[in-house]
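Right, one structure below, let's go through it.
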Amino acid sequence: MAREQRKLDHVRLALTGEPVEISDFDDIQIVHRSFPETKLQDCRIDSSIGGLPFSSPIFINAMTGGADATKRINRALAEVARETGVGLAVGSQSAGLQDPDLEDTYRIVRQTNPNGIIIANLSAASPPEQVKRAVDMIEADLLQLHINVPQEMIMPEGDRDFTGILANVEKVTAELNVPVIVKEVGFGMCRETYRQLIDRGVSIVDVGGSGGTNFISIENRRRKRQEFDFLSGWGQSTAVSLLEATLCHELEFVASGGIRHSLDMIKCMILGARAVGVAGPILRLLEKEGVSGVVDAIQNWHEQIRTLMTILGTPSIDSLREVPVVVTGRTKDWCEVRQID
Ligand code: FNR
């Protein structure tokens, strides 16, 4: 019951979160060149993650499931995914593993979108047999293992022991027969983390940077006394997390956290991401404008991405990586201190 309430709290508090106004993406300036030598018709937005074809580089990132009222949201998100061809991750499936009555709240996404790309989600501390059950529950094409230490620590009922997680990630990655994405939930990553993951055989990472939905603030608002306000700026932004990845050629990158519009998406892909995940903004749009409003927004993003690719002279998602950028402001300061070129 407490768990179901937490799922509902997360949705309610994410819905009342403020949209992001300024972001480190504004420190990334794209260099305009005058002769793109491309045509709109030739610009293709398909991508791939872990060898699986994605018809769009956008996916709906992990949010919910695990409480009866969240089934409605997952059904709506799956309708959006079916209509637009984007991938969809479900929220953490631990509730469904512990209570078979709640499996439905996740299964609904596969029932609604039988042929789409569906991504399972569990904590990176979950043992391989649980992870396999979560993947089977929704016939998932990929799996996200989320890592969210600051959130757990601020969550009154959260975990307090984070030992052995890297070893578990290594085991799960080796044993699973679908691609595994290790995902932060809004605190970002750094090159030291990437190195640790590479050493454990991980090949796909969702940098999950700060700048968007903030789970320190959300958990802080669930506490009796909101004494963790001072931590609300914790972690690396999505832009910084991608810049930290510059030398990690062994990994495939997915970007999420604080992505506001198609220009942020393009910047993520210039900085090396193969796909971009959006969560909170989609939930808020769904609440306000329903399935058709979200479908329209995603279709607009697709067209805008193709427009930007034409302007940039980059007919494929991969070729975006060749586009030069200038980094300014505090993001530039970060790069200088961390010696990122
Ligand atoms: C989330 N997120 C999340 N992530 C995860 O791996 N497992 C989960 O169960 C959840 N649950 C969840 C609930 C709600 C209501 C929201 C809004 C988000 C985190 C999400 O996938 C993403 O990493 C962050 O929200 C940052 O992206 P945005 O919201 O800034 O686009």
Side-chain angles (χ1 to χ4, degrees), residues 3-21 23-25 58-67 69-70 73-74 76-77 86-97 102 105-106 109 119-126 131 134 140 142-152 155 158 180-189 205-219 221-222 235-239 241 254-261 264-265 268 273 275-287 294 297-298 301:
R3 186 200 296 271
E4 287 194 42
Q5 189 52 49
R6 180 167 79 240
K7 304 283 173 187
L8 299 173
D9 284 351
H10 285 169
V11 169
R12 178 176 55 80
L13 293 168
L15 281 172
T16 51
E18 292 296 310
V20 188
E21 300 282 334
S23 125
D24 281 358
F25 286 123
I58 302 170
F59 68 97
I60 302 171
N61 217 346
M63 281 189 274
T64 203
T70 63
I73 298 175
N74 271 345
L77 294 174
V86 303
L88 167 63
V90 295
S92 177
Q93 290 168 261
S94 55
L97 292 177
L102 293 171
T105 64
Y106 304 95
V109 300
I119 308 172
N121 185 292
L122 265 189
S123 156
S126 314
V131 175
L142 298 98
L143 163 82
Q144 290 176 331
L145 288 179
H146 68 251
I147 177 83
N148 61 341
V149 174
Q151 177 187 3
E152 293 290 340
M155 190 191 298
V180 176
I181 305 171
V182 176
K183 165 186 187 290
E184 257 289 357
V185 305
F187 307 112
M189 292 195 193
V205 156
D206 179 342
V207 304
S210 63
T213 303
N214 184 331
F215 270 95
I216 286 183
S217 298
I218 288 180
E219 296 301 347
R221 286 156 73 196
R222 292 182 61 238
Q236 283 87 254
S237 67
T238 300
S241 303
V254 172
S256 71
I259 293 173
R260 300 164 296 178
H261 42 57
D264 287 350
M265 295 175 187
C268 287
V276 289
V278 184
I282 286 187
L283 187 67
R284 288 191 285 275
L285 199 59
L286 182 68
E287 196 67 9
V294 186
I298 292 176
W301 287 336

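Ligands are counted one by one from 1 in listed order, and the atoms in each one are counted from 1 as well.
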Is it the case that ligand 1 has an N or O less than 3.5 angstrom from some N or O of [X]?
X: Gly258; result: yes
X: Lys183; result: yes
X: Ala62; result: yes
X: Val11; result: no
X: His10; result: no
X: Ala279; result: yes

Provide the closest heavy-atom pair for Thr213 versus Gly280 in the form atom of the first, atom of the second, distance.
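Taking Thr213 first and Gly280 second, the nearest heavy atoms are OG1-CA, 3.7 Å.
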Please answer whether the main-chain N or O of Ser217 pairs with a side-chain N or O of Asn214 as donor and acceptor at a distance below 3.5 Å.
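Yes: the side chain of Asn214 pairs with the backbone of Ser217.
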Can you check whether Val276's main-chain N or O pairs, donor with acceptor, with Ser256's side chain at less than 3.5 Å?
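No: the side chain of Ser256 does not pair with the backbone of Val276.
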For residues His10 and Glu219, is any side-chain donor paired with an opposing acceptor at under 3.5 Å?
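Yes, a side-chain donor-acceptor pair sits under 3.5 Å.
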State whether a side-chain donor-acceptor pair under 3.5 Å links Gln236 with Asp24.
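No pair is found: no donor N or O on one side chain lies under 3.5 Å from an acceptor on the other.
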Relative to ligand 1, is [X] under 4.0 angstrom through side chain, backbone, both or neither, heavy atoms considered?
X: Gln144; answer: neither
X: Thr213; answer: both
X: Ala89; answer: neither

Ligand-side contact atoms (ligand 1) for residue partner [X], heavy atom cut-off under 4.0 Å:
X: Gly280; answer: 28 (P), 29 (O), 31 (O)
X: Gly212; answer: 30 (O)
X: Gly91; answer: 9 (O)
X: Phe215; answer: 1 (C), 2 (N), 12 (C), 13 (C), 14 (C), 16 (C), 18 (C), 19 (C)

Chi angles and distances behind the side-chain contact (heavy atoms from CB on, under 4.5 Å) call for Gln144, Asp206
CA-CA 9 Å; Gln144 290 176 331; Asp206 179 342; 4.3 Å; yes
Ion pair check, Asp9 and Arg6, cut-off under 4.0 Å:
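No.
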Does any part of the side chain of [Y], heavy atoms only, come nearer than 4.5 Å to the side chain of [X], both counted from C-beta?
X: Gln151; Y: Ile216; result: no
X: Val278; Y: Asn61; result: no
X: Glu4; Y: Leu102; result: yes
X: Arg260; Y: Pro281; result: no

Identify the closest protein heavy atom to [atom]: which residue and atom is it, and at what distance?
atom: atom 26 (C) of ligand 1; result: Gly257 CA, 3.8 Å
atom: atom 7 (N) of ligand 1; result: Asn121 OD1, 3.3 Å
atom: atom 24 (C) of ligand 1; result: Val185 O, 3.9 Å
atom: atom 12 (C) of ligand 1; result: Met63 O, 3.2 Å
atom: atom 8 (C) of ligand 1; result: Ser92 N, 3.7 Å
atom: atom 17 (C) of ligand 1; result: Ala14 CB, 3.6 Å

Sub-4.0 Å heavy-atom contact, Thr64 with ligand 1
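Judged by the 4.0 Å heavy-atom criterion, Thr64 does not count as contacting ligand 1.
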Walk me through it: do Ser92 and Lys7 pass the test side-chain contact (heavy atoms from CB on, under 4.5 Å)?
CA-CA 10 Å; Ser92 177; Lys7 304 283 173 187; 4.1 Å; yes
